[in-house]
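See below for the structure under consideration.
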Amino acid sequence: MSTNPPPFHALLFLLLLLLVPSRLALAAAFGVWINGASSLSPQSHGGGGQEYEALQALKAAVVEDPRGALASWQGPNVCAYKGVYCSAPPDDAAAAESAVVAGIDLNRANLRGTLPAAVSLLAHLTFLHLNSNRLTGQLPDSLRDLQYLTELDLSNNLFSGPFPAATLLIPSLVYLDLRFNAFSGGIPAEAFAKNLDALFLNNNLFDGEIPETLWSSPATVITLANNRLTGPVPSAYGYGAGGRVREVLFLNNKLTGCIPEELGFLPTIEVLDLSYNSLSGHLPPTLSCLSGIEVLNIAHNQFTGELPDLVCDLKRITNLSVSFNFFSGISQHCDRLAGRSVFDFVGNCVPGRGLQRPPPECDGGPGDAGLSCLRIPVTRPVPCAAQAAVSVGVGVGVGVGGAMPSFGAGGVVTLEWLINGAMNARGGGANC
């Protein structure tokens, strides 16, 4: 057995899975480490040497190992390999004394090479951590065969090619980290239909529009930052979506259009970052419904109008940044936030305030970005209790057909809906 203890976060993750009834089938897959070593003996290895074959294939696919991370990968006792963690097999009670490879952790090993298809021979693998290496190429389709894999971390590598669809076919996967690679092309809608708890796609080369299925994802954390994504922020919210999401990062893409009103109805959102895009128009009053939000960043966009009290009245806000937009005024409530260093509004067009844009920039600003983002100013709180009833996803997944939508008690009909609804009924292209 390896004398290296598994990473603490991996042990905690596995412990949590043991407590979830739907994952009871995985319980036997997780060994017990005592003083850094498993109490199990590697009498046999799944598939009659398949695990040895898989690990040797992985070693052979590495062309540089400057830190000697794989130096111990010799001989048939794979449980003695550094970075390899073994446990009792999950599906063979008769072999309770034998051991199978349950996890691999080669984080920060600076390995250069590729990920071979033979990794799928590790049939009982539950976590695979390969972050902060120099692995290149595309991911093998055989990853889909890892039926027990719950945690896949391939971040900080040089992987490329289209979105690795095979990862979405791993049946037990709940944690997918592909950030800081060179994946390109569109993000498939299935990425947000997968039963993931965390999805990290930031710092790649993904382009195209964000799928409308975004808000149907059960993930608590979704990061799409630092890509080349275009088009609007998806507004198809209200169909069992967004119920768990706590953190969404859109920053530093090429998103356009206005903020959809439905974003105000994300019930558990704590961090929302839309900065460094080309979003425009007035802010929707429904943002005042984000009662649990702590960080709201819309800096470096093209928003206009006066920043309303409704946004600055958010009770739990600790960081509100609206800098480098074209706001023409801020309310008294926002002034109080500025006094507490919570509120950043430099680089706007507020008369009489310091650190604002020069008048020529404000005069040549984006205006109101057309009627598609024009909203009637609201001074009273919107009725947030009717979140699910306010289904104004006009133009995205909701057929307007010229008829008024059905609102529950407290629903709000805005000028935005009246304009965009009419345009869509005529086949217009309004997105918000």
Side-chain angles (χ1 to χ4, degrees), residues 163 185-189 191-193 199 201-202 204 206-217 222-239 241-242 245 248-266 269 272-287 289-290 296-305 311 322 325-326 366-375 390-400 405 412 414-432:
F163 187 100
I187 298 175
F192 304 110
L199 178 60
L201 302 179
N202 54 287
N204 279 282
F206 291 122
D207 56 23
E209 295 192 3
I210 302 172
E212 299 167 11
T213 53
L214 170 71
W215 302 121
S216 66
S217 173
I222 301 173
T223 65
L224 305 176
N226 301 312
N227 280 288
R228 301 172 178 178
L229 299 170
T230 57
V233 176
S235 59
Y237 171 74
Y239 302 93
V245 64
V248 188
L249 304 183
F250 296 99
L251 71 147
N252 198 25
N253 279 285
K254 301 178 180 180
L255 302 179
T256 55
C258 51
I259 294 181
E261 293 187 335
E262 295 91 334
L263 255 63
F265 298 139
L266 296 173
I269 194 74
L272 178 60
D273 195 329
L274 293 160
S275 62
Y276 289 92
N277 281 286
S278 297
L279 300 170
S280 58
H282 296 186
L283 298 185
T286 53
L287 291 182
C289 296
L290 298 175
L296 176 59
N297 190 346
I298 59 171
H300 292 271
N301 279 286
Q302 299 176 17
F303 295 116
T304 56
V311 175
V322 302
N325 280 284
F326 292 86
D368 287 326
L371 293 177
S372 64
C373 292
L374 182 62
R375 293 181 170 95
V390 185
S391 300
V392 292
V394 177
V396 184
V398 177
V400 177
V412 178
T414 64
L415 176 61
E416 179 185 19
W417 186 90
L418 294 174
I419 294 172
N420 289 341
M423 291 181 68
N424 279 285
R426 296 195 304 269
N431 290 319
C432 305

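Here CD of E262 is found 4.5 Å from OG of S235. Values are rounded to the nearest 0.5 Å. Atom OG1 in T256 sits 7.5 Å away from atom CG in L279 (nearest 0.5 Å). The CG atom of L229 sits 5.0 Å away from atom CD1 of I187, with the distance rounded to the nearest 0.5 Å. If you take CG on L255 and OG1 on T230, they are separated by 7.5 Å, rounding to the nearest 0.5 Å. Atom CG of residue N252 and atom CG of residue D273 lie 10.0 Å apart, to the nearest 0.5 angstrom. Note that the CG atom of L199 and the CG atom of L224 stand 7.0 Å from one another [nearest 0.5 Å].
Between P284 and L263, the closest side-chain pair of non-hydrogen atoms is not below 4.5 Å. With a 4.5 Å cut-off on side-chain heavy atoms, F206 and N253 do not count as touching.
A donor-acceptor pair is defined here as one N or O able to donate and one able to accept, closer than 3.5 Å; such a pair exists between the side chain of N227 and the backbone of L201. Within the 3.5 Å criterion, the main-chain N or O of K254 finds a donor-acceptor partner in the side chain of N277. Proximity of a side-chain donor or acceptor of N325 to a complementary backbone N or O of Q302 within less than 3.5 Å is detected.
In plain terms, the two heavy atoms of N297 and A299 that are nearest each other are OD1-N, 3.0 Å. The two atoms that bring P260 and V233 nearest to each other are CG-O, 3.8 Å, heavy atoms only. Between N301 and Y276 the shortest heavy-atom distance is ND2-N, 4.0 Å. Of all heavy-atom pairs between P188 and F163, the closest is CD-CG, 3.5 Å. Nearest heavy atom pair, residue A189 against residue P211, reads CA-CB, 3.8 Å. Taking each heavy atom of T286 and E261 in turn, the nearest pair found is OG1-O, 2.7 Å.
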